[in-house]
Amino acid sequence: MSGEGAAGGGWTGALRRRATRALPPDKLLPDAQPAYMASWIYVFGVLTLAALMIVLVSGGVLALKGPAWWHVSGTGRYVNSLHLWSVELFMFFMVVHLWGKFFMAAWRGRRALTWVTGVVCFLVAIGTAFTGYLVQQNFDSQWIAGQAKDGLNSVGIGAFFNVLDFGQMLMWHILLLPFALGALTAWHVLLVRLRGIVPPIDATTPPATPPAPAATREAAG
Amino acid sequence: MKRRHRRPSAPDPAAFPTRTYDLLKEFTIASAVVALLTVGLAAVFSSPDVKPVTLASWARADGTDFTATAVTELGGTSTTATYGPPYNHTPDAAQKIGPVSLQNAAGVRIRVDTANDFVLRPLRQAPEPPAVTAALTTWTAAAPARQRAWTSAYSDALAKANGAAPARGDFGPVPVLVARLRELARAGALDGQLQAQGTFYQTDYTRPLLFLSDGSHLESLARAQHLKGDQWGMMNETGNYPGQAWLWLYTFWYQIEPFKSSGNADALIWAVMALLSLGLMLVPFIPGVRSLPRWTRVHRLIWRTYYREQAVERGRRA
């Protein structure tokens, strides 16, 4: 209500104010970045996101048509191939991104949670890919399930997470794990936007200077 | 008490000079590049799809192995029958990490009785020739020790015969039972029986997969596809495809001692990988490890433009 002033709006208003204070639009969708952000290694984060999008879209088409479709249809086989290769690219980009961030010590400056969510994303992605291999319904699935059960059973996980149960693995692969991966990725990206790009190791705060003209700024980048 | 303010370990990025950057444009270009790469790779290399093994194809291709496995399932000596949790209670079968057995702690939650589930029930559910009915009656009436003696003697005779007809011996009703089971398997009936388990809809393949895994047929096919553990198979898939290359470290431990020859290898390697994963997650908090990036100096390469400009700036000031 207008009578409640700037602090009004109840829980919703409080959440909105907190969100816009932490991540104002120009920080959420920036059109400028620190000039030190000038290396090919930065590209791998966005490449990982792009590959994830293709993984989700190709997986969505496979889900629409059902798990047996790709075995009996040429188009289905091609969509399955898109899914396989986008996963391979996704994992490759993510590993390069992870190593890049390690060598940048990107957890500095209150960014530890960004690192932790990134590593958890990596581990959840491994689980998602693994369940994907289990639900292919071919020889690979049979063999991988037969071998993986021993590892999981040896630590008690197999009693609850049965890799020989196709139905259970399909649900994990197309619902639970993608949901977890999507939520973690969103959290990770928001943390990146919130804390900004980590400055170079041993960099010190530059002395305050009057803002340079736009052309000069671009030339410096 | 005065609160101590720690110096931040990195300055605020907002204090640095900036350059123009288009987030949406970068994402669009990246998406287009990845989409093109994916479309190209999928068109050129496709994806592997080797047909699954069925109980029918196994019994037809390697009847000797099928029969030998069926005898061990009936006698309770197969890998699954002696597995322990989560399938059954078998003393000392569970793996341990030191004194702790998480496998035992989780308990038996997917109960599998190999003699009944894999052999006797399918035989009873199928139309029974009189000889099979008589064999089932004899088997059920016999004491467990007698049953074990029959299956053990028949297993030995099969091994000695090496694929030929075994020598005569006191095998009780075992040859009749497993011969009928092989007939059912060859006809394709056993696949349906093990999957259906009395229901119409079915998505759980635990029992047929366990039966298949107990034989050596599946294993020999896997070896031909370089999928065995000693072939780093965990990170491979059928054909010449990259597979799960990211599992290289997990499969690496299986290749070296003390894991390679340990009866608790699976549990120990899980523990090692859990610890390493936790370590990777907590790198920012581990002294020494968190300083590795500074010591390796790879960051000098990543931010070479920044460091070069800083050096020029320092030189100018000097």
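In what follows, chains carry the letters A, B, and so on, assigned in the order in which the sequence lines appear, proteins first and then strands, with residues in each chain numbered from 1. The figures that follow rest on heavy atoms only: side chains count, while hydrogens, waters and symmetry mates do not.
With a 4.5 Å cut-off on non-hydrogen atoms, Met53(A) touches chain B through its side chain but not through its backbone. Contact of Val46(A) with chain B is made through backbone and side chain together, with heavy-atom distances under 4.5 Å. With a 4.5 angstrom heavy-atom cutoff, Ala43(B) touches chain A via backbone and side-chain atoms both. For Leu28(A), the part lying under 4.5 angstrom from a heavy atom of chain B is the backbone only. Heavy-atom distances place both the backbone and the side chain of Ala35(B) under 4.5 Å from chain A. Residue Leu152(A) touches chain B through both its backbone and its side chain, counting heavy-atom pairs closer than 4.5 Å. Of the two parts of Thr205(A), the backbone and the side chain both hold a non-hydrogen atom closer than 4.5 Å to a non-hydrogen atom of chain B. Interface residue Tyr306(B): only side-chain heavy atoms are found under 4.5 Å from chain A. Heavy-atom distances place the side chain of Leu84(A), and not its backbone, under 4.5 Å from chain B. The parts of Phe130(A) that come within reach of chain B are both its backbone and its side chain, each placing non-hydrogen atoms under 4.5 angstrom from that chain. Contact annotation for Glu219(B): both backbone and side-chain heavy atoms come within less than 4.5 Å of a heavy atom of chain A. Within the 4.5 angstrom heavy-atom criterion, no atom of Pro208(B) approaches chain A. Of the atoms belonging to His83(A), not a single heavy atom falls under 4.5 Å from chain B.
Of the listed residues Trp115(A), Tyr36(A), Phe139(A), the one with more heavy-atom pairs under 4.5 angstrom with chain B than any other is Phe139(A).
The residues Arg223(B) and Asp230(B) are annotated as salt-bridged, a charged nitrogen and a carboxylate oxygen being separated by less than 4.0 angstrom. Comment: Asp117(B) does not engage Arg111(B) in a salt bridge, judged by the lack of any side-chain N to carboxylate O separation of less than 4.0 angstrom.
Going from atom OH of Tyr87(B) over to atom OG1 of Thr79(B) covers 11.5 Å, rounded to the nearest 0.5 Å.
You'll find the side chain of Val272(B) reaches within 4.5 Å of the side chain of Phe259(B), heavy atoms only. The side-chain heavy atoms of Thr48(A) and Phe90(A), taken from C-beta on, include a pair separated by under 4.5 Å.
Side-chain atoms of Ser58(A) come within 3.5 Å of backbone atoms of Ile54(A) as a donor-acceptor pair (strictly under, hydrogens ignored).
Heavy-atom contacts from other residues, nucleotides or ligands closer than 6.0 Å to CG of Leu24(B) number 12 or fewer.
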